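The model shown is predicted, which means the values in this text are computed figures rather than measured ones. So that the names make sense, note that chain A is the first sequence line, chain B the second, and so on, each numbered from 1.
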There are 2 protein chains.
Amino acid sequence: MDDLGQAGGTEPGDAPVRAARIQDVARLADVSTATVSRALATPERVSPEARARVLEAIAKTGYVPNPAARTLRSQKTYMVLVVLPDLANTFFSKILRGIEETLFEAGYGMIISDLDGSPEKEAHFAAFTAAGRVDGAILLNGHLFGQSREGEGQPARIGIPLVALCEAIPSADIPHIEIDNRAAASRMTQHLAGLGHRRIAYVSGPANNILERERFLGFKDGLEAAGLPFDPALVIPGDYTIESGVAAGQGLVARTTRPTAVFCTSDEMAIGLMRTLLSAGLRVPEDISVAGFDDIEFAAVAEPSLTTIHQPRRELGQAAATVLIDLLQGRPAPKQIRLETELVIRNSVAPPG
Amino acid sequence: MDDLGQAGGTEPGDAPVRAARIQDVARLADVSTATVSRALATPERVSPEARARVLEAIAKTGYVPNPAARTLRSQKTYMVLVVLPDLANTFFSKILRGIEETLFEAGYGMIISDLDGSPEKEAHFAAFTAAGRVDGAILLNGHLFGQSREGEGQPARIGIPLVALCEAIPSADIPHIEIDNRAAASRMTQHLAGLGHRRIAYVSGPANNILERERFLGFKDGLEAAGLPFDPALVIPGDYTIESGVAAGQGLVARTTRPTAVFCTSDEMAIGLMRTLLSAGLRVPEDISVAGFDDIEFAAVAEPSLTTIHQPRRELGQAAATVLIDLLQGRPAPKQIRLETELVIRNSVAPPG
DNA sequence: CGACCCTATGTAATCGATTACATGCAACTT
DNA sequence: AAGTTGCATGTAATCGATTACATAGGGTCG
């Protein structure tokens with residue numbers, strides 16, 4: 001008896017239960033569809049009695065506005081695209097969570113694009129945003145869509161609010177949320193130097209990466225502040241992955257004169273590198289100190305536990321989402337937010353033997 | 001000169017460049033909108049000449065169909081919801097990648113819902129699917145929406161295709177993709193017993209969790225196959241997190257008689273547990289062997305490297321997405337897929353001292 | 001008391017595609 | 001030659017909301 005109660009024309013029958021539409025609610029509440037719509041969007045512009053009847057009818061029918069129809073008319077999707085280079089990378093997952101929870105509270109959904117280094121995907125997602133499937137985007141990949149084909153007249157005018165997270169996009173005039181990578185790297189370098197290390201190796205991130213450039217500058221800053229010379233032979237290429245840390249470790253093991261400390265610009269690399277050193281019979285930190293960057297979950301439980309730079313990942317995500325939402329809703333938003341990092345001292349670093 | 005070329009009524013001017021609509025393409029190609037639509041959806045039903053003109057016009061205008069309009073009319077969103085309990089958990093990220101890449105190839109987008117244990121969120125996403133924002137969903141959380149309020153007459157009739165991944169949903173008649181948790185746990189237990197361990201501890205997952213139940217049964221199977229008695233005192237509660245592994249380790253360290261081997265049902269717990277044992281001065285594997293489950297990236301570079309059960313995570317994601325896509329497109333799909341696991345022998349397990 | 005304004009509501013246009021149905025024409029059948 | 005079939009295409013209804021505009025009624029003010 002208390003099912004839909006389909007009044008008017010069509011025979012109810014046992015047909016597949018279609019979702020209630022605004023029409024059904026309007027009929028049940030004895031108002032027009034316009035009033036139903038207003039009762040939801042601008043309650044103060046509807047009389048209390050009508051509002052009550054509408055809400056009752058909504059409860060009875062289980063009405064949920066059809067998002068496609070709403071989007072078509074209002075040109076708002078309440079969806080945000082998050083673009084990231086590698087979904088499987090531990091570093092991003094907690095950031096994502098910060099983003100997701102903030103968006104959720106504001107009524108936005110999140111669509112994730114894992115670029116995976118594929119230009120094909122990038123083009124796809126450029127089309128995606130162009131087609132108006134999302135109201136805005138958060139970019140964690142350090143560049144805009146279609147950066148590759150630069151000269152072609154369409155210099156990535158996406159036309160929706162964008163926010164850069166972690167990796168500021170140099171040429172673009174969009175807000176970015178970040179940590180002070182340069183200062184943090186400098187601080188770690190000085191920490192190592194302060195313990196007495198003179199030969200400090202640096203395991204880099206991917207070349208051309210903004211983070212890498214900043215951290216590398218910070219490393220040199222730190223050396224200079226400590227009065228140490230910069231030695232290019234102590235720069236080891238990496239790409240933030242465990243595997244590249246392992247490879248860097250193998251290179252170190254093979255050397256005759258080794259650095260007394262290694263600063264890895266990601267925890268993954270640091271953990272991979274420690275693994276290789278330990279397997280080769282070297283002791284950490286007695287024979288060689290190892291420092292990381294990021295403070296991922298596993299840094300605290302690595303053996304030895306990892307001295308690293310803590311990044312407030314969840315907060316970074318929250319901040320990016322907050323800024324984007326402000327932009328979407330026409331509120332002013334800061335052009336740049338810089339969150340504090342923290343030097344976390346654990347057991348993988350000690351004074352040189 | 002070669003911009004939109006807005007024929008007919010409205011003055012072009014320098015107004016904000018609106019996205020091209022099907023109307024614009026139709027006018028430019030000198031056909032009706034129906035033909036444009038058909039040229040894209042069913043090319044074989046359009047003459048080659050018309051098709052060529054349409055494609056040319058599309059290229060010229062940069063036309064991309066408006067998804068909201070398309071969805072509104074065709075009731076298809078080309079979006080899939082992925083529901084998972086914890087986005088920040090390493091275990092899921094590679095699965096997600098498998099899902100994402102498969103969906104992407106088939107032209108589907110992915111919306112992620114990180115439930116985060118919040119019933120509020122669950123309700124929200126139930127409404128989400130009910131509102132028709134997605135064509136289907138992949139559930140990694142082990143239960144359907146609204147499982148809590150069972151008796152209330154609406155037993156989670158979502159009405160869209162669903163696929164369960166990893167954690168089969170007992171009461172629901174939906175396809176599930178999984179590994180044979182019970183057999184894998186039994187195998188690991190027998191491996192430990194085969195090395196001579198008689199007192200094997202078991203660090204569990206969360207109570208009521210389906211995975212946990214299966215693995216626990218497998219553990220008992222393994223003991224029985226090895227002719228070992230089951231001792232409830234050797235079952236230590238956990239919840240798959242690093243922290244619970246650390247806690248389990250603290251419990252072990254405090255004991256007077258310890259097991260000679262510990263089987264942790266996640267790598268996170270195993271790594272946290274090893275950390276605690278090592279800090280307490282115990283040696284792994286000499287004093288105590290530790291085994292994990294999942295084979296996450298860090299298992300290979302833990303110190304000591306972790307003996308564990310390898311789960312084909314990416315493939316699990318791919319399989320789930322493939323099944324869902326088959327369902328969405330009306331093709332038959334298997335009710336159950338079971339992928340093979342692998343016992344990975346590393347250095348955290350050795351015969352008892 | 002009439003002009004004016006404000007509030008609550010209804011009517012209907014609109015968003016941009018898909019698609020059922022209609023139509024015109026060429027080719028084929030008998 | 002008339003009828004049938006089928007293809008290519010166009011016309012217009014439709015999906016379900018939002019919202020510009022119109023309108024009715026009640027209150028205020030000069």
Side-chain angles (χ1 to χ4, degrees), chain A residues 6 8-10 16 18-55 57-58 61-79 127 130-133 135, chain B residues 4 6 9-10 16 18-55 57-58 61-79 127 130-133 135:
Chain A
Q6 193 122 341
T10 41
R18 308 240 319 177
R21 292 155 309 158
I22 198 170
Q23 285 275 6
D24 305 320
V25 175
R27 206 177 307 142
L28 201 57
D30 198 28
V31 294
S32 72
T33 61
T35 299
V36 174
S37 183
R38 282 189 285 251
L40 290 170
T42 52
E44 73 280 3
R45 303 189 51 73
V46 167
S47 71
E49 305 80 50
R51 199 187 317 156
R53 288 209 309 282
V54 167
L55 293 181
I58 287 176
T61 53
Y63 168 73
V64 180
N66 180 312
R70 184 202 290 261
T71 296
L72 179 57
R73 176 65 224 237
S74 66
Q75 309 289 5
K76 289 197 190 318
T77 62
Y78 283 94
M79 278 286 155
R133 285 183 96 115
D135 293 342
Chain B
L4 281 186
Q6 194 123 334
T10 42
R18 307 241 320 177
R21 294 156 307 157
I22 198 170
Q23 286 274 5
D24 305 320
V25 175
R27 206 177 307 141
L28 201 59
D30 198 28
V31 295
S32 70
T33 61
T35 300
V36 175
S37 182
R38 283 190 284 251
L40 288 170
T42 51
E44 73 280 3
R45 303 188 51 74
V46 168
S47 72
E49 304 82 51
R51 201 188 314 158
R53 287 209 311 281
V54 167
L55 293 181
I58 287 176
T61 54
Y63 168 72
V64 179
N66 180 310
R70 185 203 288 262
T71 296
L72 179 57
R73 175 66 223 232
S74 67
Q75 308 289 3
K76 288 196 191 318
T77 62
Y78 283 93
M79 278 287 157
R133 286 184 98 113
D135 292 343

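- Between B:T35 atom OG1 and B:D30 atom CG the span is 10.5 Å, to the nearest 0.5 Å.
- No option in A:L40, A:V54, A:D24 other than A:L40 meets the side-chain contact (heavy atoms from CB on, under 4.5 Å) test with A:Y63.
- Rounded to a whole Å, the CZ atom of A:R27 is 14 Å from the P atom of C:dG10.
- A distance of 15.0 Å separates CZ in A:R73 from CG in A:N66, rounded to the nearest 0.5 Å.
- Each end of the helix from C:dC1-D:dG30 to C:dT30-D:dA1 yields a helix axis from five base pairs, and these two axes differ in direction by 50° (to the nearest 10 degrees).
- As a whole-Å value, the separation of A:E49 CD from C:dT9 C1' is 13 Å.
- Listed here is the closest heavy atom pair of B:P67 and A:R133: CG-CG, 3.1 Å.
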**Fill in**
Protein-proximity profile, nucleotides 14-24 of chain D, B/S/- by nucleotide at the 4.0 Å heavy-atom cutoff, equals BBBBBB-----
Let me check something: any side-chain donor-acceptor pairs from residues 41-52 of chain B under 3.5 Å, sequence neighbours excluded? List them with distances.
{"unit_1": "B:T42", "atom_1": "OG1", "unit_2": "B:R38", "atom_2": "O", "d": "3.4"}
{"unit_1": "B:S47", "atom_1": "OG", "unit_2": "B:A50", "atom_2": "N", "d": "3.3"}
{"unit_1": "B:R51", "atom_1": "NE", "unit_2": "B:P43", "atom_2": "O", "d": "3.3"}
{"unit_1": "B:R51", "atom_1": "NH2", "unit_2": "B:P43", "atom_2": "O", "d": "3.3"}
{"unit_1": "B:R51", "atom_1": "NH2", "unit_2": "B:V46", "atom_2": "O", "d": "3.2"}

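- Residue B:V36 comes nearest to B:A26 through the heavy atom pair CG2-CA, 3.7 Å, listed as atom of the first residue, atom of the second, then distance.
- One interatomic measurement links the two molecules: CZ of A:R53 to C1' of C:dA8, which rounds to 12 Å at whole-angstrom precision.
- Taken from CD in B:Q23 to OG1 in B:T61, the straight-line distance is 12.5 Å, to the nearest 0.5 Å.
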